Amino acid sequence: MTDLHQHLRERVLAAVGEMGLDRDVADPLVRLGPPKNRDHGDVALGSFQLAKLAGEPPPAFADALATKVAPDDVIESAEAAGPFVNFRFRRAAMAREVLTAVCVDAAPYGRAAENGQVVCIDFSSPNIAKPFHIGHMRSTVLGNALCRIHRHLGAKVHGINHLGDWGMPFAKMMTAYMRFGDEQALHESPMRYMFELYKRYGKEAEADPALDAEAAAHFKALESGEDNEQRRMWQLLREESLQAFQGPYGRLGVSFDHITGESFFEDKMEAAMARVEAAGVLEESEGAEVVTLKEQGIKVPCLLRKSDGTTLYHTRDLAAAFYREQQYRPTRILYVVGAEQKLHFAQLKAVLTKMDEPVADAVEHVPFGLVLSKGPEGKWEKFASRSGNAVFLDEILDEAVNKVRQVIAEKNPELEDPQQVAEQVGVSAIVFNDLKNGRIKDVKFDWDAMLNFEGETGPYVQYACARLSSILRKAGGDVPDVASVDFTHLADAENVLLTMMGFGAAVQRAADQSEPSVVTNYTIALAGEIHSYLVDHHVLGADPAVRDARLVLVDAARKLLTTGLHLIGIPAPARM
RNA sequence: GCGCCCGUAGCUCAGCUGGAUAGAGCAUCGGCCUUCUAAGCCGGCGGUCCCAGGUUCGAAUCCUGGCGGGCGCGCCA
């Protein structure tokens, strides 16, 4: 909440108090929000519930409330409109509040002070025995954005890459490599080659079921902890793939605080199992060790040890939860993992609950939809890496970057370092597209839409930043001191200012709902206001006092847009 | 079969947790470059908010029941 909103809220509460309502009772009913239509005012209050409390008809109550909130140096007007009260801030006050706060980097526009929250974010976590394809991108970019958003709000964030470097998928890759692998080919192009092995294994295992048994045996040998061939194989493949993954991570601007894959918990699983057993919830079933969860409302039990004695995904996630709790003391642990694994995380949380472990409350699955591609009949269908039509992320990014390069050649041929800008804009277009819609929605991977850089796209927002940067550059680089600005000159920038004031609320909502798209859409809205404003408000040609005020506005808008983009992992080039 | 998710303009989606006349972008049609980047701006067209009940002063939003699509349901992750 901005200072202006805080002030308004105080005034409304005082007025409501004068009207005979108990302040504490009324407090939660004072819900100030943006009005349906901006023409109505800056902030609206539906007085239905307050009126009910006062025993008056809403329109009469709204009328009385509006007269009680007299104008002051912040509030310009309060007008009743039927059961609603519409408030307007003084334009100069809005400009002062926003521009000053942005300028000194104060919260909620700038990064907040430590707030005591500790948030673990388990994201990306790819199965490194598979190629890094488009499907891996969602968790990666969503998690990266959530890390940045929580950090901005003052949380201590632990971004964790819980690599899938253990278990059966890895064992299958080992088996394929040990049967028909070639070290030379592996070194040449690890990701491509492993994808070939992956496909070949799938094909051969279909014809020869013995392959899966072999893989299971290899996994058992690996998990024995002995220094054997399997372990050396595991090490080799793990290093190669991890290396190969650095490419995509680098291009996406993603980094991790901890890369602790499933294998990291190899020596921590027995302790975890002992803890489950000590809690008295472990049962034997058909030769396996399970925790039944009927009383938690989940029909299927959670398997923690297979009948051949080896561990499972759940075992490692459980060990990881204990480890994170003891190591980081998190208030929240977010698992940014596809919606198809909902049951898995419900089980994980239920097991911890049944064990009476407090960390259960921190566990929070952040599910997201699938990536779909257009099928032959125009129907949206799942990307299937198994059938071998997986699209490598690098190819997608390259295609977008190439398209951007063309656009640059066409629109801004004199741009220096077009290659770097193309990379920044092209990769962002793909990332932005992924973060634009609510995460639970399936992403429709539509080349035409993604390579169109007009409208609600990453380039659209970056373009706004570039235009602002250009103005500042042409002004000579010196932005006037905020303290010297006559804010009355910015009355015509009310739409920009109002939108800027919504920044904090957007970031907060994104964090609360684990929904980066709120920030993405915010950047679109602000960029739109800026584009509109710049059309008929020239900065450099204006009278000195107006010019100074507008320069400060431009500088603040650029800062805020840059921050917004940064929060979703996207750079803001100064020229494009 | 059971559980969960989704259903809003031709297409892709918002809709701030129940409020005012349901909003954007794309596509389409029309207008705007002698001044800071036209990857832009302004306007037109376009709606049975899947259907039927219910709760409420008020429902796209909450509840029940359908329909359509998707995902999941013990030794994979």
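Within every chain, numbering begins at 1; the chains are lettered A, B, ... in the order of the sequence lines, protein sequences first and strands thereafter. Because the structure is predicted, anything quoted here is derived from the model rather than measured.
Taking 4.0 angstrom as the limit, A:Y460 places a side-chain polar atom (N or O) nearer than this to OP1 or OP2 of B:C41. Under 4.0 angstrom from either OP1 or OP2 of B:G70 there lies no side-chain N or O belonging to A:K441. Using a 4.0 Å cut-off, no side-chain N or O of A:K474 falls inside it from OP1 or OP2 of B:C36. Phosphate contact (OP1/OP2 of B:A39, side-chain N/O of A:K411, threshold under 4.0 Å): present. At B:A77, one or more side-chain N or O atoms of A:R316 fall inside 4.0 Å of OP1 or OP2 (strictly under the cut-off). Distances shorter than 4.0 Å separate none of the side-chain N or O atoms of A:S285 from OP1 or OP2 on B:C75. Dashed line: the shortest gap from a side-chain N or O of A:W380 to OP1 or OP2 of B:U12 is under 4.0 Å. Taking side-chain N and O atoms only, A:S470 has no distance below 4.0 Å to OP1 or OP2 of B:C36. OP1 or OP2 of B:A38 has at least one side-chain nitrogen or oxygen of A:R467 nearer than 4.0 Å. At the phosphate of B:A39, OP1 or OP2 sits under 4.0 Å from a side-chain N or O atom of A:Y463.
B:C63 and B:G19 have their P atoms separated by 15 Å, with the value rounded to a whole Å. Using atom P as the reference point in both B:G54 and B:U61, the two lie 14 Å apart (nearest Å). Taking the P atom of each, B:A22 and B:C26 are spaced 23 Å apart, rounded to whole Å. To the nearest whole angstrom, the two P atoms, one in B:G66 and one in B:C5, are 16 Å apart. B:G47 and B:U21 have their C1' atoms separated by 13 Å, given to the nearest Å. Comparing the same atom, P, in B:A20 and in B:G1 gives a spacing of 40 Å after rounding to whole Å. For the P atom pair drawn from B:C13 and B:C50, the interatomic distance equals 14 Å after rounding to whole Å. Distance check on atom C1': B:C11 versus B:U17 gives 28 Å, rounded to whole Å.
Among the heavy atoms of the strands lying under 4.0 Å from A:A466 is at least one base atom, whether or not backbone atoms are also near. As judged by a 4.0 angstrom heavy-atom cut-off over every strand, A:K52 is placed among residues making no nucleic acid contact. Counting any heavy atom pair closer than 4.0 Å across all strands shown, A:A44 reaches a base atom. Within the 4.0 angstrom heavy-atom criterion, base atoms lie near A:H537. Counting non-hydrogen atoms under 4.0 angstrom, A:P367 reaches nothing in the nucleic acid. A:L303 comes within 4.0 angstrom of a nucleotide base, judged by non-hydrogen atoms across all strands. At a threshold of 4.0 angstrom between heavy atoms, the contacts of A:L372 with the nucleic acid are absent. Counting non-hydrogen atoms under 4.0 angstrom, A:V300 reaches the backbone sugars and phosphates but no base. Here A:Q341 lies in heavy-atom contact (under 4.0 Å) with a base. In this structure, A:P169 reaches the sugar-phosphate backbone alone: every heavy-atom distance under 4.0 Å involves primed, P, OP1 or OP2 atoms, never a base. At a threshold of 4.0 angstrom between heavy atoms, the contacts of A:N437 are confined to the sugar-phosphate backbone, with no base atom among them.
Nearest nucleotide to the side chain of A:K342, out of B:C75, B:G74, B:C4: B:C4. For A:M168, taking side-chain heavy atoms from C-beta onward, the closest of the listed nucleotides B:C26, B:C76, B:C36 is B:C76. Closest to the A:D442 side chain, of the nucleotides B:C36, B:G70, B:C16, is B:G70.
The aromatic ring centroids of A:Y460 and A:F453 lie 6.0 Å or more from each other.
No donor-acceptor pair under 3.5 Å is formed between the side chain of A:H365 and the backbone N or O of A:V336. Side-chain atoms of A:E223 come within 3.5 Å of backbone N or O of A:T311 as a donor-acceptor pair. A:W234 places a side-chain N or O within donor-acceptor distance of the main-chain N or O of A:D165, the cut-off being under 3.5 Å.
Using N1 to N3 plus N6-O4 or O6-N4 for Watson-Crick, or N1-O2 and O6-N3 for G-U wobble, each under 3.5 Å, B:G1 pairs with B:C73. Across all strands shown, B:A39 remains unpaired; no Watson-Crick or G-U wobble contact has both distances below 3.5 Å. Pair assignment for B:U21 gives none, since no Watson-Crick or G-U wobble pairing has each distance under 3.5 Å.
We find the CG-CG distance between A:L435 and A:L567 to be 11.5 Å, quoted to the nearest 0.5 Å. The line from CE of A:M174 to CD of A:E214 is 10.0 Å long, rounded to the nearest 0.5 Å. With rounding to the nearest 0.5 Å, the separation of SG in A:C302 from CG in A:L343 is 9.0 Å.
Looking at A:E456, its side chain has no donor and acceptor atom pair within 3.5 Å of the base of B:U12. Between the side chain of A:D165 and the base of B:A77, no donor-acceptor pair of N or O atoms lies under 3.5 Å.
Centre separation under 5.5 Å together with a plane angle under 30° holds for the ring of A:F84 and the six-membered base ring of B:A20, marking them as stacked. Evaluation of A:H538 against the base of B:C36 yields a stacking contact (centre distance < 5.5 Å, interplanar angle < 30°).
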